[in-house]
Amino acid sequence: MEKKPSLFFFVILDIESLSREEIELIMATGGEMKKIMKSGMKKADYLKGKSVITLFYEASTRTRTSFESAGKYLGAHVVNINTASSSVTKGECLKDTVLVLENMDCDGVIIRTPMEGASVYAAKVGKPVVINAGDGAHAHPSQALLDLFTLREYGKKDLQGLKMVIVGDILYSRVARSNIAMWKKFGADIHVCGPMTLLPHDISALGVTVDARVEDALRDADVVDVLRIQLERQKNGLFPTPREYSRQYGVNDERLALCKKDVVILHPGPMNRGLEISYGVGYCGNAAIRDQVNNGVAVRMALLNLTLGGGEAK
């Protein structure tokens, strides 16, 4: 593949705006970044002299920590802003926060926010590179990229025609929307299943098959992405009880047996084991969940290198 020019990526906001060629570049760069991760030093100078700030308006363990680790492994100066103890609590708006960071000569901002479109807005009002680490129920591009990277490691190198299933809280899930966009680009047969109250009203417009029964969705599945029930986003009870949800839609050993033998189980975390996924499935040999966490660092290293470093080593 022809080498991309330096600073080819100016922002990473969603999956829809990335071409397949660009995604392949991220995958290839992620492979190189993983070699750095697995080295004894875990250190490179790709981003030496660059500053990265993680700006998270929502709680996060995996995404925030993996971006911080990614920046540090590549030699950047990384600062985390805890918005609960920042000027945000005094009424500072997003635009002013971004401009403050810009005037501190920040090179890149990793932003997580409950507001759909906030990362796009931040990219418009400020000069630093913006990477969307999740905006409301809209998009989570780095999660979709690390999921694709993980699937390829598990032998799913060609998604064309594969039955790929998303089960759970589709309505509030930015992961679901980003993975649907990603998998459609690669020709997958995408099925979704969950309570009707947790499905977007325009779900069919996304180009997916909606299955009423989880058993129908899981039968002969190649990939299953189990989503967490996002109780923190739900203002009203959208299903009777957790026990009822688990009985109707939980992915357990019995339902796992309906899938293909080499099915890959994904989960963006954190898992509510015993609710959307059983203890057995969460730790079974088909579960790629811990590898997703590991690959999240490599893929986010790739994103930082391709935005702030232009894909080049110093």
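All figures in this text were calculated on a predicted structure; none of them were measured in a lab.
- Within the 4.5 Å cutoff, no side-chain heavy atoms of R273 are placed close to those of S278.
- Note on I36: it clusters hydrophobically with M27, by side-chain heavy-atom contacts below 4.5 Å among ILVMFWY residues.
- Between N294 atom CG and F149 atom CZ the span is 9.0 Å, to the nearest 0.5 Å.
- When side chains are defined from C-beta on, K34 does not count as touching M301, because their heavy atoms never get closer than 4.5 Å.
- The closest donor-acceptor contact from the side chain of N132 to the backbone of L13 lies under 3.5 Å.
- Side-chain contact between L304 and L47 is present, with heavy atoms from C-beta onward closer than 4.5 Å.
- Using modelled atom types, no side-chain atom of S178 and backbone atom of I15 make a donor-acceptor pair closer than 3.5 Å.
- Two residues are said to be in side-chain contact when any heavy atoms from C-beta on lie closer than 4.5 Å; E32 and N305 fail this criterion.
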- Run the side-chain contact (heavy atoms from CB on, under 4.5 Å) check on K95 and Y121 step by step: do they pass? CA-CA 8 Å; K95 178 177 181 178; Y121 176 74; 3.4 Å; yes

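- N80 contributes atom CG, which lies 3.5 Å from atom OG1 of T54 (distance to the nearest 0.5 angstrom).
- Of all heavy-atom pairs between A302 and G30, the closest is CB-N, 3.6 Å.
- When atom types are taken as modelled, the side chain of T89 and the backbone of S86 share a donor-acceptor pair closer than 3.5 angstrom.
- Shown here for D211 and C193, the closest heavy-atom pair between the two residues is O-SG, 3.2 Å.
- Checked by atom type and distance alone, the side chain of S69 never pairs as donor or acceptor with a backbone atom of S66 at under 3.5 Å.
- Atom CZ of R243 has 12 or fewer heavy atoms from other residues, nucleotides or ligands within 6.0 Å.
- One finds the CD1 atom of I277 at 10.0 Å from the OH atom of Y283 (value rounded to the nearest 0.5 Å).
- A cation-pi geometry, defined here as NZ or CZ lying under 6.0 Å from the six-membered ring centre and within 45° of its normal, does not hold between R112 and F56.
- Linking ILVMFWY side-chain heavy atoms closer than 4.5 Å, directly or via other members, places I81 and V88 in a single hydrophobic cluster.
- Remark: side-chain polar atoms of N295 are paired, donor with acceptor, to backbone N or O of D291 under 3.5 angstrom.
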- Message: Does M115 form a side-chain contact (heavy atoms from CB on, under 4.5 Å) with H138? I'd like the steps, not just the answer.
- Response: CA-CA 9 Å; M115 301 171 288; H138 171 233; over 6 Å; no

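- Under the 4.5 Å side-chain heavy-atom criterion for Ile, Leu, Val, Met, Phe, Trp and Tyr, W183 and V210 are members of the same hydrophobic cluster.
- Residue V100 shares its hydrophobic cluster (ILVMFWY side chains chained together at separations under 4.5 Å) with M104.
- Both V299 and Y154 are part of a single hydrophobic cluster, where members link through side-chain heavy atoms under 4.5 Å apart.
- The distance from the CD1 atom of I190 to the NZ atom of K163 is 13.0 Å, given to the nearest 0.5 Å.
- Remark: the backbone N or O of K185 is paired with a side-chain donor or acceptor of R20 at under 3.5 angstrom.
- Listed by chain and number, the residues in a ring pair (Phe, Tyr, Trp, His ring centres under 6.0 Å) with Y249 are Y245 (sequence neighbours excluded).
- Looking at R64 and E68, a side-chain N of the basic residue comes within less than 4.0 Å of a carboxylate O on the acidic one, giving a salt bridge.
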- Task: Just do the side-chain contact (heavy atoms from CB on, under 4.5 Å) check on V98 and V109 with the steps written out, would you?
- Result: CA-CA 8 Å; V98 172; V109 179; 5.6 Å; no

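- V293 and M33 fall into different hydrophobic clusters, defined by Ile, Leu, Val, Met, Phe, Trp and Tyr side-chain heavy atoms under 4.5 Å apart, directly or through other members.
- In summary, E58 and R174 engage in a salt bridge, as defined by a charged side-chain N under 4.0 Å from a carboxylate O.
- Here the side chains of L94 and T113 are not in contact, with every heavy-atom distance at 4.5 Å or above.
- Across all non-hydrogen atoms, the minimal contact from V208 to I203 is CG2-O, 3.6 Å.
- Between the side chain of R152 and the main chain of L148, no donor-acceptor pair closer than 3.5 Å is present.
- Using a 4.5 Å cut-off on side-chain heavy atoms (C-beta onward), L171 and D169 make contact.
- N286 contributes no side-chain N or O that, together with a main-chain N or O of V264, makes up a donor-acceptor pair within less than 3.5 Å.
- For the residue pair S119 and I111, the shortest heavy atom distance occurs at CB-CG2, 3.8 Å.
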- Query: Passes side-chain contact (heavy atoms from CB on, under 4.5 Å), I26 versus L18? Steps please.
  - Reply: CA-CA 10 Å; I26 294 169; L18 295 174; 4.2 Å; yes

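- In this structure, the side chain of K43 engages the main chain of K72 through a donor-acceptor pair within 3.5 Å.
- The closest side-chain heavy-atom distance from D222 to K156 is below 4.5 Å.
- Here K90 does not pair with E92 in a salt bridge; the nearest charged N to carboxylate O distance is not below 4.0 Å.
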- Task: Given side-chain hydrogen bond (donor to acceptor under 3.5 Å, both in side chains), test S17 with D14 step by step and report yes or no.
- Result: CA-CA 6 Å; S17 61; D14 53 41; 2.6 Å; yes

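- In this structure, the separation between CD on E102 and OG1 on T97 is 12.5 Å, given to the nearest 0.5 Å.
- No side-chain donor-acceptor contact under 3.5 Å links T63 to the backbone of S60.
- The closest side-chain heavy-atom distance from E276 to R228 is below 4.5 Å.
- Taken to the nearest 0.5 Å, the CG atom of L162 stands 12.0 Å off from the CG atom of D220.
- With respect to N179, the side-chain contact (heavy atoms from CB on, under 4.5 Å) criterion is satisfied by exactly one of L145, D225, V223: D225.
- Residues S173 and L227 share a closest heavy-atom pair of OG-CD1, 3.6 Å.
- Listed here is the closest heavy atom pair of V175 and P268: CG2-CB, 4.0 Å.
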